[in-house]
Amino acid sequence: MNRVRLAIVSTHPIQYYAPIFQLLARARGLSVRVFYTWSQVAAGSVADAGFGRSITWDIPLLEDYEYEFVPNVARQPGAGHFWGLRNPGLTRAIEAWGAEAVLVFGWNAASHLAALRHFKGRLPVFFRGDSTLLDRSSWWRTIARRAVLSWVYRHVDVAVAVGSNNRDYFHWCGLPHERIAFAPHAIDVKRFADPDGAHEARAAQWRRELAIPAGARILVYAGKLQPKKDPLLLLEAFVDCGAPGHLVFVGDGALEPQLRARAAGRTDIHFLPFQNQQAMPAVYRLGDIFVLPSRGPGETWGLAMNEAMASRRPVIAGSKVGGARDLVAEGVTGWMFESGDLQQLTAVVKRALVCDRATLNAMSAAAELASAHGSVEAAAAGIESAVLQVARGNIEEQFAKASHGTPKIQSRARTSPNERG
């Protein structure tokens, strides 16, 4: 059987997507080329406003798959605004390559939306995004948003959902369940394994450098220090809970001065600067529990949770974190709280700091087991299956399987309030 030629449209090389592209390139049923639309980052450095610096990732993102950077003529190039990606040659490049199907990552850029519109009715059009309904708006904004999004998704044949909240969003936008496939939001789980103990050794060294006593219970926050992730709420909850333990913030961002000022004089709150990808398996092992307290808007998944769980760490997550619904089973892989609720987070933090070691060890093992559901292998298999089912005309079978939703560990208690916003 001939391999289906799948053109993938993405903004720029991203550490979470490159491993999926590499696996798709090796898939028996597909021939893949990625068309990057932010050509200005071809040199490898990306300006990240959240970290307040330019980032050059320390893992290879352009190996083992075909790609090309399509010239971007935008006056202010970037992936953060609609007119930041203008690629007049994009559709011609895809057609010249001989694509038989197109997968577009994200529509909120001029060229990506143009590609959806151009190829609809010409080739099967697949779409990948991670938006949710968690961020509430006024009634009139909701009506306007739904009208616009319904129009956008009329140009999509199949949406490939990353999780339960994302699936609900696509359905709300007008796509019937039979046109929503599934491929999980994913990480390279194997990269966070620690077969020789090297990551644990590096984490232990960090703890000594931070003067954290052996055996102390430690919470870790790793990410951008920005309002939507609400690290200030975590700091206040830790201070208020009164339980013995330590809190480590890893990252940079606009809120760092406020966090340091609030923590001044305390020996149980620590700060480390931004750490690149190769250090992250040790970063998560620096603590016993990972915390992502985000309130949004726009915290559509939270892949740091996947990484922490793959590192054998249970997680505490806010209800506005898009992936928490699928990843956090209460008392099994972690705990949830209502985003923005200091009292709830304080109670959860105290529970995590005082729970017995046997319970924590069991939760660590459960978290690692659950992380396998969000592997890049599973994501690549989901995308390949959806594309091949359409190419072979067996679309109904794939859609029926996809509509059943994402794998989820059975929770011992309700993990979150109704998240359909």
Measure across [X] and [Y] and return the closest heavy-atom pair with its distance rounded to 0.1 Å.
X: F290; Y: A222; value: CE1-N, 3.5 Å
X: I94; Y: V102; value: CG2-CG2, 4.2 Å
X: E299; Y: S294; value: OE2-OG, 2.6 Å
X: A186; Y: S375; value: CB-O, 3.3 Å
X: V162; Y: G129; value: CG1-O, 3.7 Å
X: P273; Y: D252; value: CA-OD1, 3.7 Å

Quiz item: When you measure from the centre of the six-membered ring of Y67, is the NZ or CZ of R33 under 6.0 Å away and within 45° of the axis?
Solution: no

Under 3.5 Å, is there a donor-acceptor pair between the side chain of [X] and the main chain of [Y]?
X: N72; Y: W38; value: no
X: R128; Y: I383; value: no
X: Y221; Y: K224; value: yes
X: T333; Y: A329; value: yes
X: R3; Y: L30; value: yes
X: Q278; Y: N276; value: no
X: N108; Y: F82; value: no
X: R202; Y: R285; value: no
X: K229; Y: G223; value: no
X: N87; Y: L90; value: no

Is it true that atom [atom1] of [X] has more than 12 heavy atoms of other residues, nucleotides or ligands lying nearer than 6.0 Å?
X: Q343; atom1: CD; result: no
X: E209; atom1: CD; result: yes
X: R217; atom1: CZ; result: yes
X: W97; atom1: CH2; result: yes

I want to check something: taking the side chain as every heavy atom from C-beta on, are [X] and [Y] in contact at a cut-off of under 4.5 Å?
X: R351; Y: W335; value: yes
X: I289; Y: L360; value: yes
X: S371; Y: N306; value: no
X: M305; Y: V321; value: yes

Self-check item: Proximity of H112 and W107 rings by center, below 6.0 Å
Solution: no

Practice problem: For this output row, return yes or no: ring centroids of F21 and F105 closer than 6.0 angstrom. | Solution: yes

Quiz item: Under a 4.0 Å N-O cut-off, is there an ion pair linking D288 with R357?
Solution: yes

Quiz item: Is R295 salt-bridged to E338, cutoff N-O under 4.0 Å?
Solution: no

Quiz item: Are N361 and S364 close enough that a side-chain donor and a side-chain acceptor fall under 3.5 Å?
Solution: no

Self-check item: Check: S164/D326 side-chain N/O donor and acceptor closer than 3.5 Å
Solution: yes

Look up atom [atom1] in [X] and atom [atom2] in [Y], then write down how far apart they are to the nearest 0.5 Å.
X: T346; Y: K350; atom1: OG1; atom2: NZ; value: 10.0 Å
X: F192; Y: E368; atom1: CZ; atom2: CD; value: 12.5 Å
X: F35; Y: E66; atom1: CZ; atom2: CD; value: 8.5 Å
X: H177; Y: L175; atom1: NE2; atom2: CG; value: 10.5 Å
X: L85; Y: Y36; atom1: CG; atom2: OH; value: 13.5 Å
X: L24; Y: Q22; atom1: CG; atom2: CD; value: 10.0 Å

Quiz item: Which of these, E330, R325, Q344, sits in a side chain to side chain contact (heavy atoms under 4.5 Å, CB included) with M336?
Solution: E330

Self-check item: Qualifying residue for side chain to side chain donor-acceptor pair (under 3.5 Å) with D130, from N165, N166, T300
Solution: T300

